Trainee: 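Let me begin by handing over the structure; questions about it come next.
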2 protein chains.
Amino acid sequence: MHDVAALAGVGLSTVSRVVNGDVKVSPAKTLAVENAIRELGYRRNDSARHLRTGAAASIGLLIESIADPFFSLISQAVEEVALSRDSLLLSASSHQDAARARRMVLAFCSRRVDGLIITPSEDQSIDYLRTELTAGVAMVFIDRPVPGLDVDTVLTDNVGGAMSGVEHLIAHGHRRIACITDRAGLYTSSHRIRGYRNALAAAGIPFDPALVYSADDTTDTLAGPLTSMLDAENPPTALFTANNRSTIGALRVMGGRHNRPALVGFDDFELADALSPGVTVVAQDPLAMGRMAAELLFRRLDRDTSPPQTITLGTRLITRGSGEQRP
Amino acid sequence: MHDVAALAGVGLSTVSRVVNGDVKVSPAKTLAVENAIRELGYRRNDSARHLRTGAAASIGLLIESIADPFFSLISQAVEEVALSRDSLLLSASSHQDAARARRMVLAFCSRRVDGLIITPSEDQSIDYLRTELTAGVAMVFIDRPVPGLDVDTVLTDNVGGAMSGVEHLIAHGHRRIACITDRAGLYTSSHRIRGYRNALAAAGIPFDPALVYSADDTTDTLAGPLTSMLDAENPPTALFTANNRSTIGALRVMGGRHNRPALVGFDDFELADALSPGVTVVAQDPLAMGRMAAELLFRRLDRDTSPPQTITLGTRLITRGSGEQRP
DNA sequence: TTGAAAGCGCTAACAG
DNA sequence: CTGTTAGCGCTTTCAA
C-alpha cells in the first residue's frame, strides 16, 4: 500500500479511498492509484483491515459432518447467504466430538468471526458457549437447541414430523410398528421417538419397548438387532426409521429379505424415489434451515436486538410406496 | 491484553509469552497471567497475530459444490488434514461459475490464507491464478489440472477408469454401449469419453456418435434424450454413465422401464448397493484425493521446493450386478 | 527472566 | 478533495 501510494504520488489514505470505492477522489488520482495497483499487483490485506475495523466479514459454521447430506445442504444454504453478504465461511465438523466442537468454536472466536452458526454437541458442558455469548459473539443454533441458553435457534418439527410418518403407517393398517434410531438420548432422536409414541397413543396402540431400537453407530450395528427383531415371534409389519442413517441402514438389511415390512423414514435422501418401492419419507428442509439460520445471524449483525427466537420448520410427508404397503 | 498485563502486574510481552507457552517465564508470573486471563475472559486476537506474524493458520478450499457428495468427501478429508495442522478451513463453492470462482479465490488471497486447494473452473481465463501464483501463494489443484500452470495437482485416472468400466460391459457381451455425460467439453467428461472410446477400439467395436449423449444439466434434460435413445431402432444394450449425476439421472429415467439396459457408472454413490440390481461403478477415492491435496499443500507450506507434481489416483471397479446383466 | 518500544497493513478522524 | 497521524492487538528484537 505504501508502495502504491509512492508510485501513484498520493497519500496512503487516497489509496485506501480508491480501494474502498470512496467517491470523493479526483478522477486523475483515482486513475493513478488504479494503475499503480495493477502495476504492483497490490491486494488489500483483509487481516489488517479486520484488525482496524473490527469487522471480520466472515462467519463460522460448525456442523456435525460435512459428509452428511443433511449438513452439506445446510452448509450450502449458509454459504449462499454469506456470499450475498460478502462474507466468507469458515467451516468445521465436530463429528459428535464435544472436545473438537469446543476447539473449533474457540478457534472461530479467536479469529473474531462476526458470528457463529452451530449444531451444538449434546454430550458435554457448554459453558464456553455461555462465555462467548456474554462476550457478545452473535450465535445461532441449528438442528438442536441448547438448554439454558436463550439464543436464536432453527429447528425441525421433530415430534410433529415423526407423528405424521407413523400416522401414515397406522392409516395403512399397521399396528406393530418398530422405531429405529441412533442414540436415543440425542435431541432429535428423543423427539422423534416421542412423536412415534404420540401417534401410537392417539391410535390406541400400546407401546411395545421391544419394537424400539437405538444404536450408537447405526451402520455397523443395525443388522443384527434388526434381523432378530424381524425374525421374532410377533414381528413388526412396519418400520419407522427416525433418521437418514437408520433408514439407509434398514434398507441395506432388508435388501436381502423377502416379505419386507413397510417403511417410513425421517429425512429425505437421494434415490429414495429410485428404489422399489420408492421410500416414503418425512422430509425436512435443510436448505431452508441453513438459510433461515444465516438470515437470523445477519439480522443480529445488523444490530437487531429483538428477543431471541426459535424457528421451527414443518416437515412434509412424501409418499412413494414403501409406507403404503399393507401388511 | 493490555488489561491482562495490568491486572497481572506484568508487561505486555510476558502476557504474550504465557499465551504462547514460552517456557522462559517464572512460575509466579505465569500463574498471575493465567488468572488474569481467566478473570477477564481474555482470548488472543488471531487477526492481529496474523498481521504481525504473517501466518494465517488457515487455508482456502474452492470446490464445485458442497452439496455434491464427491466434493463433500474431498472437503471432509481436507478438513481433517487441516485440523491436524491446526489450520482452519475457509470454504466456498463455485457452482461452475467462473466469475464466482475468481471472486472467492481473490477473497481468500485478500485474507492472506496460507494456501489454496482449488477445483479449477474451465470456462474462463485463469490469469488471476497465475498472478497469485507468481505472488507466491501456495496452490494445489484437485480433480482437474489447469493447462499452462505447472502446479501440484491431484487427479483421478479418468481414462483408465472409464476404460475399465466399459471393458467390463464388453466382457459381458455388450457391443452397443451408450455413453452419457454432462458437458462433454469438461476435463473429466472428455477424458472419460476418451476411455470409453479406447475400450471400444481395443475390442474392435466401431464408435457410434449416436450413442454418446452430453447434456448441460443432466438432471433436467436427460429424460428425453435417453428415452429416445433407448426407444430407437437399434438401442444400446448397456449404458456407461460418466459421472455421478448422469448415473443417478439415468437410474431415474430407467426406473419406470422394463427391459433395462446394463449399467456401469463412473463414481460410486450411496445406496448403489441397495438398488436392485446393485449398480456397478468405477469408484474414485475422493477422501484420498482431498487428503493428498492437503498434504501436498502443507508440504509446500513447510518450504518443500521440489518441482510441482501431479498425482493420479487409480479407480476401482465395484461389481454389484447392473453391469453383469447380459443383453 | 522481563519490559519497553517498534511496527505488521490498514482505516478514520482531523486538519488543511 | 487530500495528506498526516494515531492507533487496532499482537509479536519480537533489544536492553536491562
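A, B, ... follow the sequence lines: proteins, then strands. Residue 1 opens every chain. The model shown is predicted, which means the values in this text are computed figures rather than measured ones.
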Trainee: Once you round it to whole Å, what is the distance between P of D/dT11 and CZ of B/Arg44?
Mentor: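 The answer, rounded to whole Å, is 6 Å.
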Trainee: Kindly say if A/Thr14 contacts the phosphate of D/dT2, meaning a side-chain N or O under 4.0 Å from OP1 or OP2.
Mentor: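 Checking A/Thr14 against D/dT2: no side-chain N or O falls below 4.0 Å of OP1 or OP2.
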Trainee: Give the rounded distance in Å between these two atoms: CZ of A/Arg49 and C1' of C/dC10.
Mentor: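 After rounding, the gap between these two atoms is 9 Å.
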Trainee: Please report the shortest heavy-atom distance between B/Arg300 and B/Ala138, naming the atom on each side.
Mentor: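 Minimum heavy-atom separation between B/Arg300 and B/Ala138: CB-CB, 4.4 Å.
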Trainee: Please state how far atom CG in A/Leu12 lies from atom C1' in C/dA12, giving the value in whole angstrom units.
Mentor: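 Rounded to the whole Å, the gap is 12 Å.
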Trainee: Can you check whether B/Ile66 reaches A/Ile66 side chain to side chain, under 4.5 Å on heavy atoms?
Mentor: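 Yes - at least one pair of side-chain heavy atoms lies under 4.5 Å apart.
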Trainee: Is there a donor and acceptor pair, one atom on the side chain of A/Ser16 and one on the base of C/dA12, closer than 3.5 Å?
Mentor: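 Flag unset: no donor-acceptor pair detected.
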Trainee: In this structure, how many angstroms lie between the P atom of C/dA12 and the CE atom of A/Met1, rounded?
Mentor: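 It works out to 11 Å between those atoms.
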Trainee: Check whether any side-chain heavy atom of A/Val105 sits under 4.5 Å from a side-chain heavy atom of A/Tyr128, and report yes or no.
Mentor: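 Side chain of A/Val105 against side chain of A/Tyr128, heavy atoms only: contact under 4.5 Å found.
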Trainee: Got a salt bridge between A/Arg103 and B/Asp86, using NZ or NE/NH1/NH2 to carboxylate O under 4.0 Å?
Mentor: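 Salt bridge: yes.
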Trainee: So, OP1 or OP2 of D/dC8: does either fall under 4.0 Å of a side-chain N or O from B/Asn45?
Mentor: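 For B/Asn45, the contact criterion (side-chain N or O under 4.0 Å from OP1 or OP2 of D/dC8) is not met.
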Trainee: Between D/dG9 and A/Arg52, counting only base atoms on the nucleotide and side-chain atoms on the residue, is there a donor-acceptor pair under 3.5 Å?
Mentor: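 No, the side chain and the base share no sub-3.5 Å donor-acceptor pair.
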Trainee: For a 4.5 angstrom cut-off between non-hydrogen side-chain atoms, does A/Glu64 reach A/Asp97?
Mentor: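 With C-beta onward as the side chain, the pair stays apart.
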Trainee: Roughly, in whole Å, what's the span from NZ in A/Lys24 to P in C/dC14?
Mentor: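 To the nearest whole Å, that distance equals 15 Å.
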Trainee: Scan A/Val10 against the nucleic acid and name what it touches under 4.0 Å (heavy atoms): base, sugar-phosphate only, or nothing.
Mentor: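 Sugar-phosphate, backbone atoms only, no base.
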Trainee: Taking for each residue the nucleotide of DNA chain C with the nearest heavy atom, is it B/Val25 or B/Ala48 whose nucleotide lies nearer the 5' end?
Mentor: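 Mapping each residue to its closest nucleotide by heavy atoms, the 5'-most match is B/Val25.
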Trainee: On the side chain of A/Arg112, is there an atom forming a donor-acceptor pair with the base of D/dG9 - under 3.5 Å, no angle test?
Mentor: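 When only heavy-atom distances are counted, A/Arg112 does not reach the base of D/dG9 through any donor-acceptor pair under 3.5 Å.
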Trainee: Expressed as a whole number of angstroms, how long is the span from A/Arg17:CZ to C/dT11:P?
Mentor: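 Rounded to the whole Å, the gap is 11 Å.
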Trainee: Using a heavy-atom cut-off of under 4.0 Å over every strand shown, decide if B/Asp46 touches base, sugar-phosphate, or nothing.
Mentor: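 Here B/Asp46 touches no strand at all.
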Trainee: Which residue lies toward the 5' end of DNA chain D, A/Lys29 or B/Ser13, if each is placed at its nearest nucleotide?
Mentor: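 Its nearest nucleotide being more 5', the pick is A/Lys29.
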Trainee: Whole-Å distance between C/dG9 C1' and A/His50 NE2?
Mentor: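 Rounded to whole Å, this separation is 14 Å.
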Trainee: How close or far is atom P of C/dG9 from atom CG of A/Leu40, stated in whole angstroms?
Mentor: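 Rounded to the whole Å, the gap is 13 Å.
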